[in-house]
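Just below is one structure, and these are the notes that go with it.
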Amino acid sequence: MADEKKDVSRRDFLKTAGVATGALVGGGVIGGLIGYNAKDGGSATKEGERSGGRADQSAGSPSGRMFFTNDHDFNVLSEATERIFPEDDLGPGAIGLGVPYFIDHQLAGAYGNNEKEYMQGPFYGGEVTQGYQTRLRRKEIFLQGIRKLEQEAQGRFDKSFTDLEGEQMDEIITAFQKDEVEMEGVTAGFFFRLLRSAVLEGAYSDPMYGGNRGMEGWKMKNFPGHQAAYIDKIDSEEFQEIDPQSLGGHH
């Protein structure tokens, strides 16, 4: 069974993204979402090995960071996103796709400030099916969650989250998914769901928003992006391979 899990690659994840999102990290084909790399049986490349232990800020979108002022918070976020969407033989992972910068930009804007939601009291503990049920804004939840990831790493392994092995990171992230970590004003499971959704959005959104760098996320899905027209292809009976196009013209 262990060998079968290690053989699960992001190829399975790409096929099931958006379908099996309710599964636990370590179970079923969605186990590939946080754990195993098809090349080396489980160790996604760590950010520290790529840039000396720090997220490569120069590799983000041209405008750089907009929300995170603390390098370590951003590095913890980067490592967590990479475990959720790891690099493998199909292409880059979350860091290579610029997902941490996508999340950073979203937290700095309307998404992070919940500008489109009603955020007045009274506040009661809601059911999972009721959606957003906390007085905290998303930017506050992300900051608390990221620092809780670091706190769990220090408590469990006496190391920073960014210095952990992949399996140790997975253990902590899985504990959040299973709601085994105490958070204030929100559940750990809710933070995990926010983080996972943000990673997927960053991997597959238009590059103009800071993620999906080089449209590599689309290329892995054979998604054509935003084409001006299909008039020259629509009548063809043959399968069409179309180079993706971005709204913002980012390549």
Side-chain angles (χ1 to χ4, degrees), residues 10 13-14 17-18 21 33-34 44-47 50-51 54-88 90-117 132 136-147 149 161-162 169 173 176 190-221 223-226 244-251:
R10 190 163 45 135
F13 166 68
L14 291 172
T21 53
L33 180 138
I34 290 187
T45 305
K46 293 188 65 177
E47 174 61 13
R50 286 191 290 274
S51 58
R54 296 182 57 181
D56 184 6
Q57 298 173 30
S58 65
S61 80
S63 57
R65 293 196 327 232
M66 300 171 65
F67 176 73
F68 286 96
T69 58
N70 183 294
D71 285 348
H72 188 67
D73 287 344
F74 186 73
N75 292 343
V76 170
L77 170 69
S78 298
E79 293 292 354
T81 63
E82 185 73 9
R83 295 311 296 172
I84 291 174
F85 199 97
E87 177 183 357
D88 68 6
L90 293 180
I95 292 175
L97 290 169
V99 169
Y101 288 91
F102 168 83
I103 295 175
D104 170 84
H105 295 180
Q106 294 300 307
L107 293 178
Y111 171 84
N113 287 292
N114 294 74
E115 291 180 4
K116 295 185 178 181
E117 282 95 0
Y132 208 95
L136 298 179
R137 301 186 184 275
R138 290 187 187 91
K139 62 183 181 181
E140 298 172 310
I141 295 173
F142 267 83
L143 277 179
Q144 181 186 171
I146 288 167
R147 290 168 183 173
L149 286 170
F161 187 84
T162 58
M169 292 182 185
I173 295 173
F176 276 78
F190 186 74
F191 165 65
F192 171 81
R193 290 190 292 274
L194 277 183
L195 176 61
R196 178 178 57 188
S197 295
V199 169
L200 294 178
E201 290 166 12
Y204 297 124
S205 65
D206 193 282
M208 68 184 295
Y209 299 108
N212 190 15
R213 185 179 295 150
M215 294 179 283
E216 292 296 328
W218 288 350
K219 292 174 184 176
M220 286 186 279
K221 285 279 196 179
F223 177 67
H226 305 286
Q245 294 294 323
S246 165
L247 280 173
H250 295 259
H251 296 278

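Atoms CZ and CG, on Arg65 and Asp73 in that order, are 9.0 Å from each other to the nearest 0.5 Å. To the nearest 0.5 Å, the span separating CD1 on Ile146 from CG on Asn75 amounts to 10.5 Å. Here the CG atom belonging to Leu195 is positioned 9.5 Å from the CG atom belonging to Leu200, to the nearest 0.5 angstrom. For the atom pair Glu79 CD and Ile173 CD1, the distance stands at 9.5 Å (nearest 0.5 Å). Taken from CE in Met220 to CG in Asn212, the straight-line distance is 8.0 Å, to the nearest 0.5 Å. To the nearest 0.5 angstrom, Glu117 atom CD is 4.0 Å from Arg138 atom CZ.
The shortest heavy-atom contact between Met215 and Gln245 is SD-C, 3.8 Å. Among all heavy-atom pairs drawn from Leu97 and Phe85, the shortest one is CD1-CE2, 3.7 Å. Looking at every heavy atom in both residues, Met169 comes nearest to Phe161 through CE-O, 3.2 Å. Of all heavy-atom pairs spanning Lys139 and Asn113, the tightest one is NZ-OD1, 2.6 Å. What you find for Arg137 and Gly112 is that their closest heavy atoms are CB-O, 3.6 Å. A pairwise comparison of heavy atoms in Ala203 and Val99 identifies N-CG2, 3.6 Å as the closest pair.
For Asp206 and Ser246, the side-chain atoms include at least one donor-acceptor pair closer than 3.5 Å.
Within the 3.5 Å criterion, the main-chain N or O of Glu87 finds a donor-acceptor partner in the side chain of Glu82. Although no hydrogens or angles enter the test, the distance criterion places no donor-acceptor pair under 3.5 Å between the side chain of His105 and the main chain of Phe67. No donor-acceptor pair under 3.5 Å is formed between the side chain of Gln106 and the backbone N or O of Tyr111. With Ser197 contributing its side chain and Leu194 its backbone, the two residues share no donor-acceptor pair below 3.5 Å.
Aromatic rings of Tyr204 and Tyr209 (six-membered ring for Trp) have centroids beyond the 6.0 Å cut-off, not under it.
Residues satisfying the ring-ring contact (aromatic ring centres under 6.0 Å, His included) test with Phe190, not counting sequence neighbours, are Tyr132. Remark: Phe176 pairs with Phe191 by the ring-ring contact (aromatic ring centres under 6.0 Å, His included) rule, at least two apart or across chains.
Looking at heavy atoms from C-beta onward, Leu77 lies out of side-chain contact with Leu149 at the 4.5 angstrom threshold. Inter-residue side-chain proximity for Tyr101 and Phe68 is flagged as unmet; no heavy-atom pair is nearer than 4.5 Å.
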